[in-house]
Amino acid sequence: MESLVGRRLVGLGIAVAVSILAPDLAMGQGRPTASAPASTKSTYVPPRTPDGQPDISGMYEPGWIGQPAEVPHGEPWRPKPGGPSIGPTDFGARAAAEGDTTRAQITPSRAPMVIDPPDGKVPMQPWAAAMRKEIYEKQDQAKFLDGRVRCLQAGVPRANMPVYYNSYQILQRPGYVIILYEWNHMTRIIPLDGRPHLDPRIRLPMGDSRGRWEGNTLVVEVTNFNDDTWVLGHGAIGDGQPSSSATSGHGVVHSPDLKVTERYIPMDANLIRYEATIEDPKAFTRLFTVAYDAMVRGRSDHQLFEYACHEGNRDGILMATGVDIDPSQK
Amino acid sequence: MRPPCRVLAAGFTAIVLAGLGPAVSRLSAQVPAAQSRPGAYTGPRTADGKPDLNGIWQVLSSAHWDLEPHSPEEGVPGGQGVVEGGSIPYQPWALDKKKENYAQRATADPLSKCYLPGVPRVTYVPLPFEIVQTPKYVAISYEIAHARRIIYTDGSPHVEALEFWMGDSRGKWEGDTLVVSTNNLTDKTWFDKVGNFHSTALHVVERYTPMGANHISYEATIDDPKVFTRPWKINLIIYRRLEPGLQLLDYDCVSFFWKRTLADK
């Protein structure tokens, strides 16, 4: 399925087709998320699975792709002096998503996903902010490239950020919730039986998930990360963009001490709101929380397609590193 | 510049060997195809009455190195073969191609590039996988390359004319046997490390027949009229991993590739 993979894949070094967010980030518009405390209230009572779990199984599409992840620490980025500023960039997919009538149920929001701290900024420790700056400035070096274009797993909560190259299938069986991601065929098998986390010597890009139901909200605690992933990131770095203007979560690094507490909150039969509280004292000066409408129920005949990313990345790897992993493709 | 493939191949071999006991070659003898007789299965069942295949499983076999009978070599456990009748019925040109693959296997094995293993190879790479069984879907998550298959058991038809590394899988229950048809496969995967191969015409029919709570008889019929003179079968046993608290630990080959590659930079 070359063409489909090719369409879904975004190779290395592709010029970023940016959509213009005009006027500047209109804070506070859309869904009233600002200052909402953790644990959005929902009165919706989902049906039950045979073993009594709230039933959230099914096919889901990503929520609003154009929503900014954060408020920039500095000035908005204006590629041309005096010109319009740029919001979160997603290879032009936002425009396509806005024209997709099957996604009409998704509520547009321009509020930042970071709801705490109230200023909407990711509270990075100085070294983490410096590393983010270096990432933005050294996009010509392979080791600073987004893990996404290297076909690496996204980590958490990044895997749940609305992007056009992802959709989800949630399965439930007694004692487990399973989230299948189309993006890079990531899978999370979440046990609900209260078992302890893995030994701390075991470190994984997607961490180690332990879930429980609090009423109708699925709460998942994720630990045992390595430091290979970014916490957030749902767009791309613009050519020449300073990190102080970032609104997409790109380059928000973390330490292996990262602990994420996720809440999957069914708001109605078709919408799962998502909150994640991020704790990592080495990387952040305080806890912070992102919240947004993450998953919108898709058509019942929706299917996750294979996202064979690395398998189609020979040319990108060659360009970025000079290493040809598959000379037979010459 | 040093190609990464050799490094990856070596790393992968080390990993899989480390996970195997010395008894591996004894477990690869051919096993008869289990029949799904009514009432033969007495293990646990799901709420909808099907044999409960949920959990973590693994094949113990040298099939991953070579489907056919082969002697032990350094780094390769010997094996009595898993092909019914002993040999893969290649067309003459295809046997030549297989020999070519064999000569180049150290770098040409798609797994040495961290590519998805394909079907049925993903079943018998020597790493565990987890089955998630619901009435409409049987999802299998494999530790290797966090590969995944979603097997639709809802009566839906195959997709048409696409190519996937892991194929398009549709399943149905015949009695207590889960029968899975997989097509839409690329020609870029191999069946094992010695270069046994196929074309995009490959059609695989797998039969998962539970022998009890902890063993599944696995039969795969491999049909590819462009490469073979007739359909042929492999037979394996899939063992339930019973260690308490066991869970899959994604073997993210691609991330190891990048670490090695960037370490040279």
Side-chain angles (χ1 to χ4, degrees), chain A residues 1-5 49-51 57 141-143 145 147 150-153 169 171-176 178 180-181 184-189 191 195-196 198 202-206 208-209 224 226 228 301 303-306 308-311 313-314 317 320-329, chain B residues 1-5 8 46-48 52 54 56 104 107-108 110 112-116 130 132-137 139 141-142 145-150 152 156 159 161-168 184 186 188 244-245 247-250 252-255 257-265:
Chain A
M1 47 169 293
E2 309 286 349
S3 62
L4 190 54
V5 171
T49 62
D51 62 313
S57 66
Q141 295 180 33
K143 68 177 179 179
L145 286 175
R150 291 187 281 145
C151 300
L152 302 177
Q153 292 176 296
Q169 181 171 3
L171 300 173
Q172 289 172 269
R173 73 171 181 92
Y176 292 85
I178 300 94
L180 312 179
Y181 297 87
N184 209 3
H185 48 89
M186 295 182 282
T187 300
R188 295 173 64 195
I189 298 173
R195 72 181 71 174
L198 286 170
I202 301 172
R203 299 285 166 174
L204 301 164
M206 296 298 286
D208 179 52
S209 294
N224 295 71
N226 57 26
D228 288 352
D301 64 349
Q303 297 182 16
L304 268 57
F305 273 48
E306 180 174 271
C309 180
H310 175 72
E311 290 74 7
N313 207 22
R314 177 256 183 185
I317 292 168
T321 68
V323 173
D324 187 350
I325 64 164
D326 195 353
S328 72
Q329 286 189 37
Chain B
M1 186 172 303
R2 183 179 62 184
C5 321
L8 288 170
T46 56
D48 61 329
D52 188 348
N54 283 299
I56 300 179
Q104 301 172 347
T107 54
S112 70
K113 308 180 214 306
C114 296
Y115 290 165
L116 288 165
E130 182 156 359
V132 175
Q133 182 183 347
T134 72
K136 287 168 68 177
Y137 312 96
S141 180
Y142 302 87
H146 52 97
R148 181 178 70 210
R149 298 167 69 190
I150 302 171
Y152 293 79
S156 56
V159 297
L162 294 172
E163 273 184 38
F164 302 110
W165 287 74
M166 298 298 292
D168 178 69
N184 289 279
T186 155
K188 297 183 176 70
Q247 67 186 69
L248 293 191
L249 308 174
D250 290 343
D252 192 7
C253 184
V254 179
S255 70
F257 157 75
W258 279 103
K259 280 184 182 163
R260 281 190 185 281
T261 302
L262 295 180
D264 296 340
K265 300 286 158 187

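Chain letters run A, B, ... following the sequence lines, proteins first, then strands; residues in each count from 1.
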Out of curiosity, [X] [atom1] to [Y] [atom2], how far, rounded to the nearest 0.5 Å?
X         : Y         : atom1 : atom2 : value
Lys188(B) : Asp326(A) : NZ    : CG    : 9.0 Å
Asn54(B)  : Tyr176(A) : CG    : OH    : 8.5 Å
Gln141(A) : Leu262(B) : CD    : CG    : 10.0 Å
Lys259(B) : Lys143(A) : NZ    : NZ    : 13.5 Å
Ile325(A) : Ser112(B) : CD1   : OG    : 9.0 Å
Ile56(B)  : Ile189(A) : CD1   : CD1   : 7.0 Å

[X] portion near chain B, given a 4.5 angstrom heavy-atom threshold:
X         : answer
Asp301(A) : neither
Leu198(A) : side chain
Thr187(A) : both

Nearest atoms (heavy-atom pairs only) where [X] meets [Y]:
X         : Y         : answer
Leu152(A) : Ser255(B) : CD2-CA, 3.5 Å
Val254(B) : Cys151(A) : CG1-O, 3.9 Å
Glu130(B) : Arg173(A) : OE2-NH2, 3.9 Å
Tyr152(B) : Leu304(A) : OH-N, 4.0 Å
Gln153(A) : Asp250(B) : NE2-OD2, 3.0 Å
Thr134(B) : Gln172(A) : CG2-O, 3.8 Å

(request) Would you check if His146(B) and Asn184(A) make a side-chain contact, meaning some heavy-atom pair closer than 4.5 Å? (result) yes
(message) Are Trp258(B) and Ile317(A) packed together at the side-chain level, in the sense that at least one heavy-atom pair is separated by less than 4.5 angstrom?
(response) yes
(message) Report which part of Ala145(B) has an atom under 4.5 Å of a heavy atom belonging to chain A: side chain, backbone, both, or neither.
(response) backbone
(request) Side chain from CB out, backbone as N, CA, C, O: work out which of these in Ala161(B) comes under 4.5 Å of a heavy atom of chain A, or both, or neither. (result) neither
(request) Kindly indicate, with the supporting measurements, whether the criterion side-chain contact (heavy atoms from CB on, under 4.5 Å) is fulfilled by Asn184(B) and Glu306(A). (result) CA-CA 11 Å; Asn184(B) 289 279; Glu306(A) 180 174 271; over 6 Å; no
(request) Output, in order, the C-alpha distance, side-chain angles, deciding distance and verdict of side-chain contact (heavy atoms from CB on, under 4.5 Å) for Asp208(A) and Gln247(B). (result) CA-CA 10 Å; Asp208(A) 179 52; Gln247(B) 67 186 69; 2.6 Å; yes
(request) Using salt bridge (Lys or Arg N to Asp or Glu O under 4.0 Å) as the criterion, list what pairs up with Arg149(B), not counting sequence neighbours. (result) Glu206(B)
(message) Set out, in order, the CA-CA distance, both residues' side-chain angles and the distance that settles side-chain contact (heavy atoms from CB on, under 4.5 Å) for Val159(B) and Gln303(A), then state yes or no.
(response) CA-CA 10 Å; Val159(B) 297; Gln303(A) 297 182 16; 3.8 Å; yes
(request) Kindly say whether Tyr181(A) contributes a backbone atom to a donor-acceptor pair with the side chain of Arg148(B) at under 3.5 angstrom? (result) yes
(request) Show your working on side-chain contact (heavy atoms from CB on, under 4.5 Å) between Leu116(B) and His185(A) and close with a plain yes or no. (result) CA-CA 11 Å; Leu116(B) 288 165; His185(A) 48 89; 3.8 Å; yes
(message) Quick check on the interface: out of Asp48(B), Asp168(B), Leu249(B), Thr46(B), who has the most heavy-atom pairs with chain A under 4.5 Å?
(response) Leu249(B)
(request) Sequence neighbours left out, what passes ring pair (Phe, Tyr, Trp, His ring centres under 6.0 Å) with Tyr115(B)? Give chain and number order. (result) His310(A), Trp165(B)
